[in-house]
Amino acid sequence: METENKEIQAPERRKRIFSGVQPSGTITLGNYIGAIRNWVNLQEEYDCAFAMMDMHSITVRQTPAELRKRTLELLALYIACGIDPEKCILFIQSHNSAHAELAWVLNCYTYMGELQRMTQFKDKSARHADNINAGLFTYPVLMAADILLYQADCVPVGKDQMQHIEICRDIANRFNALYGNVFTIPEGLLVKSGAKIMSLQEPTKKMSKSDPNPKGFISMMDDFNVIAKKIKSAVTDSEGIIEYRPEDDSKAGINNLLSIMAVMTDSNPEKVAEGFEGQGYGAFKSAVAEAVVEGIRPIREEYDRIIKDKAYLQDIYRNGAEQAHRIADRTLKKVYKKVGFVVE
Ligand code: ATP
Ligand code: LTN
């Protein structure tokens with residue numbers, strides 16, 4: 001009988017997603033396209049938790065008042081981009097002590113050699129030669145703890161983070177091989193297009209919010225005129241042909257603008273290029289600028305409204321921390337038992 005069948009079938013666990021952004025600067029168009037925008041679609045199908053990764057951001061020196069402010073701004077931006085706090089767990093990483101606790105345990109299951117190979121560590125230690133701290137080195141271990149605590153099946157990130165997902169899987173597999181099935185092995189989830197938006201000034205490098213040259217990135221908080229100006233002065237080439245050639249580094253600037261335009265107009269880079277055949281870079285750049293501004297405008301209007309409501313934001317992150325703790329504590333307890341700690 002139908003009703004009986006329904007009772008017998010175990011309810012399938014919805015797949016879980018975890019991701020986050022560091023409040024280390026104002027969020028760029030790269031963060032939006034490569035990460036946050038993608039999360040919005042996923043929240044319908046998955047159980048999602050998204051955090052503001054404040055603990056990661058102190059691996060590079062921050063001004064305390066700025067960090068505090070930017071953490072709340074990031075939460076407001078998540079919501080303004082379409083992340084629904086009723087559907088997802090939204091919290092501040094440092095509000096859940098389980099992250100630091102699991103990271104310590106995992107540090108003891110991660111090799112120096114593995115961490116030495118991380119390109120982000122190499123890049124960031126070159127950029128901050130005066131502050132190559134141990135936190136910067138073990139950054140991927142804290143990131144592994146973030147993901148594994150929630151038994152996440154998928155982690156939607158930009159391409160630059162895939163190496164960190166790989167090491168997370170290695171650590172989890174190593175731990176599981178020793179102690180049984182403790183952790184779900186997560187998979188990285190890349191967007192089809194826009195997984196790596198490049199700097200507008202050095203289009204062979206990724207657009208980064210901590211780029212010392214603000215002309216290289218578009219901040220989601222930039223004035224609309226500034227956004228247009230930055231796009232119009234983006235570095236391109238002297239060939240004068242609007243064509244998508246992803247393997248050709250000399251076309252990196254045009255490829256990047258085509259990718260941006262494609263995402264903002266729900267198209268693909270090849271199609272966008274066809275639409276501009278025979279036209280000059282000037283006209284093309286103006287169209288890209290308009291698409292970006294029009295894409296960001298509604299987000300900014302929402303953001304301006306939300307950021308004023310501090311009580312609403314506080315409610316969300318407090319409630320989020322409570323829910324996050326509940327899931328994470330279960331995993332942490334299991335881990336503590338497995339490694340031989342006395343668990344009350
Ligand atoms: P920082 O410069 O401080 O390292 P960042 O701009 O690289 O910061 P993160 O906080 O490290 O940003 O990244 C947040 C998310 O945005 C990650 O999923 C990351 O992969 C994605 N992301 C960052 N930059 C880009 C980019 N240029 N294109 C696509 N995705 C990106
Ligand atoms: N390292 C990530 C931010 C981050 C993250 C995570 C992303 C920290 N912990 C866990 C996904 C899952 C970055 O984007 N730089």
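All ligand and atom numbering here is 1-based and tracks the order in the structure. Throughout, residue positions are numbered sequentially from 1 according to the sequence presented.
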Out of the candidates Asn31, Asn256, Thr28, only one should pair with Ile197 under the side chain to side chain contact (heavy atoms under 4.5 Å, CB included) rule; please name it. Asn256

So which heavy atom in the protein is nearest atom 11 (O) of ligand 1, and how far is it from that ligand atom? Gln22 NE2, 3.2 Å

As an exercise, identify every atom of ligand 2 less than 4.0 angstrom from a heavy atom of Gln22. 15 (N)

Among protein heavy atoms, which sits nearest to atom 7 (O) of ligand 1, and what does the distance come to when rounded to 0.1 Å? Lys206 NZ, 2.3 Å

Side-chain heavy atoms under 4.5 angstrom apart, residues restricted to Ile, Leu, Val, Met, Phe, Trp, Tyr: same cluster for Met221 and Ile260? yes

Hey, is ligand 2 close enough to Ser19 that some N/O pair sits below 3.5 Å? no

Only one of Thr26, Ile296, Ile227 forms a side chain to side chain contact (heavy atoms under 4.5 Å, CB included) with Asp222, so which one is it? Ile227

Please classify the Leu142 to ligand 2 contact at 4.0 Å (heavy-atom distances, strictly less than): side chain, backbone, both or neither. neither

With heavy atoms and a 4.0 Å threshold, my read on which part of Gln93 contacts ligand 2 is neither

Any heavy atom of Ile33 closer to ligand 1 than 4.0 angstrom? no

Flag side-chain contact, heavy atom, 4.5 Å: Asp153 against Pro186: no

Considering only heavy atoms from C-beta outward, does the side chain of Leu200 approach that of Phe217 to under 4.5 Å? no

Give the residue and atom name of whichever protein heavy atom lies nearest to atom 4 (C) of ligand 2, and the separation in Å to one decimal. Met53 CG, 3.7 Å

How far is atom 20 (O) of ligand 1 from its nearest protein heavy atom, and which residue and atom is that? Asp160 OD1, 2.6 Å

Please write down residue, atom name and distance for the protein heavy atom closest to atom 18 (O) of ligand 1. Gly158 N, 3.1 Å

Sub-4.0 Å atoms of ligand 1 with respect to non-hydrogen atoms of Ser210: 1 (P), 2 (O), 3 (O)

Could you walk me through whether Ile165 and Ile147 satisfy the side chain to side chain contact (heavy atoms under 4.5 Å, CB included) test, starting with their C-alpha distance in whole Å, then the side-chain angles of each, then the deciding distance to 0.1 Å, before giving a yes or no? CA-CA 9 Å; Ile165 306 290; Ile147 297 165; 4.1 Å; yes

Quick one: which ligand 1 atoms are inside 4.0 Å of a heavy atom on Ala195? 28 (N), 29 (C), 30 (N)

Ring centres of Tyr139 and Phe121 under 6.0 Å apart? no

Proximal ligand 1 atoms for Lys196, defined as those under 4.0 Å from one of its heavy atoms: 28 (N), 29 (C)

Residue from Asn107, Asp146, Leu149, Leu142 passing side chain to side chain contact (heavy atoms under 4.5 Å, CB included) with Leu102: Leu149

Using a 3.5 Å distance criterion without hydrogens, assess whether the side chain of Gln279 forms a donor-acceptor pair with backbone atoms of Phe276. no

Counting only heavy atoms closer than 4.0 Å, does ligand 2 sit against the backbone of Asp160, its side chain, both, or neither? neither

Run Phe175 and Tyr109 through ring pair (Phe, Tyr, Trp, His ring centres under 6.0 Å) and show every step you take. CA-CA 7 Å; Phe175 200 91; Tyr109 294 81; 5.1 Å; yes

Main-chain N/O of Gly20 paired to Gln93 side chain as donor or acceptor, under 3.5 Å: no

Do the side chains of Asp237 and Lys251 get close enough for a salt bridge, i.e. N-O under 4.0 angstrom? yes

What residue and heavy atom of the protein are closest to atom 10 (C) of ligand 2, and at what distance? Phe18 CE2, 3.5 Å

Should Lys285 and Leu257 count as side-chain neighbours, where that means a heavy-atom distance under 4.5 Å? yes

Electrostatic pair Lys15-Glu45, nearest N-O below 4.0 angstrom: no

Val155: numbered ligand 2 atoms lying under 4.0 Å from its heavy atoms: 11 (C), 12 (C)

In the protein, which heavy atom is nearest to atom 9 (N) of ligand 2, and how far is it? Asp146 OD2, 2.6 Å

Starting from atom 4 (O) of ligand 1, locate the nearest protein heavy atom and write down its residue, its atom name and how far away it is, to 0.1 Å. Lys124 NZ, 2.7 Å

For the CD atom on Glu114, are there more than 12 heavy atoms of other groups (residues, nucleotides or ligands in this structure) within a distance under 6.0 Å? yes

Atom 22 (N) of ligand 1 [closest protein heavy-atom partner, distance rounded to 0.1 Å]: Asn31 ND2, 3.7 Å

For atom 10 (O) of ligand 1, the closest protein heavy atom turns out to be Lys209 NZ, 2.7 Å

Return the option from Gly30, Pro156, Gly188 holding the heavy atom at the smallest distance from atom 31 (C) of ligand 1. Gly30

Run the numbers for me: atoms of ligand 2, each under 4.0 Å from some heavy atom of Val157, listed by number. 7 (C), 11 (C)

Measuring from the heavy atoms of Val21, does anything fall under 4.0 Å of ligand 2? no

Would one find an N or O of His164, backbone or side chain, under 3.5 Å from an N or O of ligand 2? no

Under 4.0 Å from a heavy atom of Ile147: which atoms of ligand 2 are those, numbered in the order shown and with their elements? 10 (C), 12 (C)

Polar atom proximity, Val157 to ligand 1 (N or O, under 3.5 Å): no

Nearest non-hydrogen protein atom to atom 7 (C) of ligand 2, with distance, is Gly20 O, 3.5 Å

Numbered atoms of ligand 1 (with element) below 4.0 Å of Ala35, judged on heavy atoms: 15 (C), 16 (O), 18 (O)

Determine, stepwise, if the pair Glu166 / Met162 fulfils side chain to side chain contact (heavy atoms under 4.5 Å, CB included). CA-CA 6 Å; Glu166 272 314 308; Met162 288 310 269; 5.9 Å; no

Protein heavy-atom partner closest to atom 28 (N) of ligand 1 - residue, atom, separation in Å: Ile197 N, 2.8 Å

Linking I/L/V/M/F/W/Y whenever their side-chain heavy atoms sit closer than 4.5 Å, directly or via other members, would Ile27 and Ile58 fall into one cluster? no

Would you mind listing which atoms of ligand 1 come within a distance below 4.0 Å of any non-hydrogen atom of Ser24? 3 (O)

If you scan protein heavy atoms around atom 1 (N) of ligand 2, the nearest is Tyr139 OH, 2.5 Å

Side-chain contact test, heavy atoms from C-beta onward, threshold under 4.5 Å: evaluate it for Gln314 versus Tyr317 and give yes or no. yes

So for Met198, does at least one of its heavy atoms come nearer than 4.0 angstrom to any atom of ligand 1? no

